[in-house]
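In what follows, a single structure is set out as structure tokens and then discussed.
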2 protein chains.
Amino acid sequence: MRADAQRNRARIVEVAREVFREQGYDASLDEVAKRAGVGAGTLYRHFPSREALLDAVMQSWVDRVEEAAGKVLAHEGPPRDLLLAWFTAYVGLVSLHKGGPAKITSAMGDPTSPIMHKCQVLTRATDRVVERLRAEDALRAEVDTVQICRLVGGVAAVADQGGLDDGAVRPLLEVVADGMLAPA
Amino acid sequence: MRADAQRNRARIVEVAREVFREQGYDASLDEVAKRAGVGAGTLYRHFPSREALLDAVMQSWVDRVEEAAGKVLAHEGPPRDLLLAWFTAYVGLVSLHKGGPAKITSAMGDPTSPIMHKCQVLTRATDRVVERLRAEDALRAEVDTVQICRLVGGVAAVADQGGLDDGAVRPLLEVVADGMLAPA
DNA sequence: CACGATACGGAGACACTCTCCGCTTAGCAA
DNA sequence: TTGCTAAGCGGAGAGTGTCTCCGTATCGTG
């Protein structure tokens, strides 16, 4: 790729990250182009669709997911604490921009979504937590990783759309956690 | 209101209900106007915003909510069955059109939403179920009606956005139910 | 029947998405 | 350095949707 094209591409991604955070996933792409100082054509050549752009924006996000999972798993503690710590991290990770929870949760199971692979790092990270809890026989047999992602994604989605703060989200996550932990 | 205006209004609502069901909440309002055989101006005079139109469309929905709650409460049975029956009905009620779960769940707590009052019949209906379970000491003390609505709304939202069928939704609702029922 | 108030409708201003194509420029080769 | 060409640029414009404005038509009353 030519050097100027590379510069433009990087600049567009940077600006898009900012605009998505400010205005949510529905922000105008023309505005992204304008702020990045390029024509609409340039934006659409680099990123044929909104999703393709989002995919690039999420590149660094993948690392944050891995890191968050590692941090949560490093702490020793009761299964309920571990699960809640991961749920909290999960909600934070998918809520980086408005519309994120819905977007990411639905993309996780949609093979036609260009960001499916990005989203699946969340599934894998959740799986690490699940395995740990399984080893301790702390999880009910019926629940699986996908269900957990859907439930926590659902909580994140209502929190996002309803503008709930952490204090309101916490009890929801507790209910979900208690519903899947093995009875004492 | 003039008779012709009344006719037009009714026709618009009827057509809108159909179009929303077919194409989801984001359907083109110009298309609604066209199908109803009126000009765009007429539609926007009767319903200044998309939400105002949705409000009218949901008029009959309110009755269905009351009815569903009554039917669920009429059946005797273990608390878990009651709760799951209501959850299932709840998901069905908010999923009448695509985008419904997110719309309704976020409107429930948004005083600026024109459909807030419509949505609150769901809260009240849920409250009836909650009271019944409280009387039997079947619910944990920490959970309240609003949280239940958020959780079930969240499940409905992911089901809606991810195209999940009833079989996939059921286990999610079970986790939520088990998380809020008093331990045996 | 006549006449005002009421309501209609669709043209058009504005916003967003995405494409197309003539123009510019980077980067290489001589 | 210069000239060439493929790669890349940008923005006009077509398509679609929202919502408004106002000249025109219709209702329904006296």
Side-chain angles (χ1 to χ4, degrees), chain A residues 1-58 97-100 102-103 106-107 112-115, chain B residues 1-58 97-100 102-103 106-107 112-115:
Chain A
M1 203 194 309
R2 247 167 59 174
D4 55 341
Q6 216 151 19
R7 263 199 311 279
N8 275 331
R9 192 183 192 285
R11 175 136 187 70
I12 289 169
V13 171
E14 190 184 336
V15 169
R17 194 184 337 264
E18 191 180 303
V19 172
F20 283 165
R21 191 171 40 230
E22 279 174 26
Q23 309 183 16
Y25 174 71
D26 289 332
S28 158
L29 295 191
D30 270 25
E31 157 138 13
V32 172
K34 193 171 295 177
R35 275 214 225 174
V38 303
T42 300
L43 189 152
Y44 284 99
R45 192 159 1 81
H46 284 298
F47 307 101
S49 68
R50 179 179 292 271
E51 302 250 314
L53 177 54
L54 188 58
D55 186 66
V57 164
M58 287 174 70
H97 60 76
K98 203 159 169 1
K103 199 75 218 160
S106 74
T112 71
S113 167
I115 64 168
Chain B
M1 204 194 312
R2 246 166 60 176
D4 55 341
Q6 216 151 19
R7 264 197 311 277
N8 275 331
R9 193 182 191 286
R11 175 133 186 72
I12 289 169
V13 171
E14 189 184 336
V15 169
R17 194 184 336 266
E18 190 180 304
V19 172
F20 283 163
R21 190 171 39 231
E22 278 174 26
Q23 309 183 16
Y25 175 70
D26 289 332
S28 159
L29 295 192
D30 271 26
E31 157 137 14
V32 172
K34 193 172 296 178
R35 275 214 225 173
V38 302
T42 299
L43 188 152
Y44 283 100
R45 192 161 358 85
H46 284 298
F47 308 101
S49 70
R50 179 179 292 272
E51 301 249 315
L53 176 54
L54 187 58
D55 185 65
V57 164
M58 287 174 70
H97 59 78
K98 203 159 167 6
K103 199 76 217 157
S106 73
T112 71
S113 168
I115 62 169

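FYI, side chains are in, hydrogens and waters are out, and symmetry mates aren't considered; it's all heavy atoms of this structure. Every chain is numbered from 1 and lettered A, B, ... according to where its sequence line falls, protein lines coming before strand lines.
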Self-check item: Rounded distance (Å) that lies between atom C1' of dA12(D) and atom CG of D30(A)
Solution: 12 Å
Quiz item: Which of residues 10-29 of chain A have a heavy atom under 4.0 Å from DNA chain C?
Solution: A27(A), S28(A), L29(A)
Quiz item: Below 4.0 angstrom from OP1 or OP2 of dG8(D), is there any side-chain N or O of N8(A)?
Solution: no
Quiz item: At their closest point, which heavy atom of L29(B) faces which heavy atom of L43(B), and how far apart are they?
Solution: O-CD1, 3.4 Å
Practice problem: With rounding to the nearest 0.5 Å, note down the distance linking CD1 in I115(B) to CG in L53(B). | Solution: 11.0 Å
Exercise. Would you jot down, in residue-number order, the residues of residues 46-53 of chain B having a non-hydrogen atom under 4.0 Å from DNA chain D?
Key: R50(B)
Quiz prompt | N or O in side chain of T42(A) less than 4.0 angstrom from dG10(D) OP1/OP2 | solution = yes
Report each atom pair, protein N/O against N/O of nucleotides 2-5 of chain D, whose distance is under 3.5 angstrom.
none

Quiz item: For the atom pair CZ (R35(B)) and CD1 (I12(B)), what is the distance rounded to the nearest 0.5 Å?
Solution: 14.0 Å
Quiz item: So what does A5(A) touch, heavy atoms closer than 4.0 Å: a base, only the sugar-phosphate, or nothing?
Solution: sugar-phosphate
Practice problem: Show your working on side chain to side chain contact (heavy atoms under 4.5 Å, CB included) between H97(B) and R17(B) and close with a plain yes or no. | Solution: CA-CA 9 Å; H97(B) 59 78; R17(B) 194 184 336 266; over 6 Å; no
Quiz item: Any side-chain N or O of Y44(A) less than 4.0 Å from the OP1 or OP2 oxygen of dC18(C)?
Solution: yes
Quiz item: Of all residues at least two apart in sequence or in a different chain, which pass the side-chain hydrogen bond (donor to acceptor under 3.5 Å, both in side chains) check with S113(A)?
Solution: E51(A)
Quiz item: Would a distance-only check, ignoring hydrogens and angles, find a side-chain to backbone donor-acceptor pair under 3.5 Å from R11(A) to V38(A)?
Solution: no
Quiz item: Is the shortest heavy-atom distance from the side chain of D30(B) to the side chain of Y44(B) under 4.5 Å?
Solution: yes
Quiz item: Which nucleotides of nucleotides 22-28 of chain D have their base under 4.0 Å from a protein heavy atom (B), which only their sugar-phosphate (S), and which neither (-), written as one string 5' to 3'?
Solution: ----BSS
Quiz item: Quick one: bend of the helix from dC1(C)-dG30(D) to dA30(C)-dT1(D) from 5 pairs per end, to 10°?
Solution: 10°
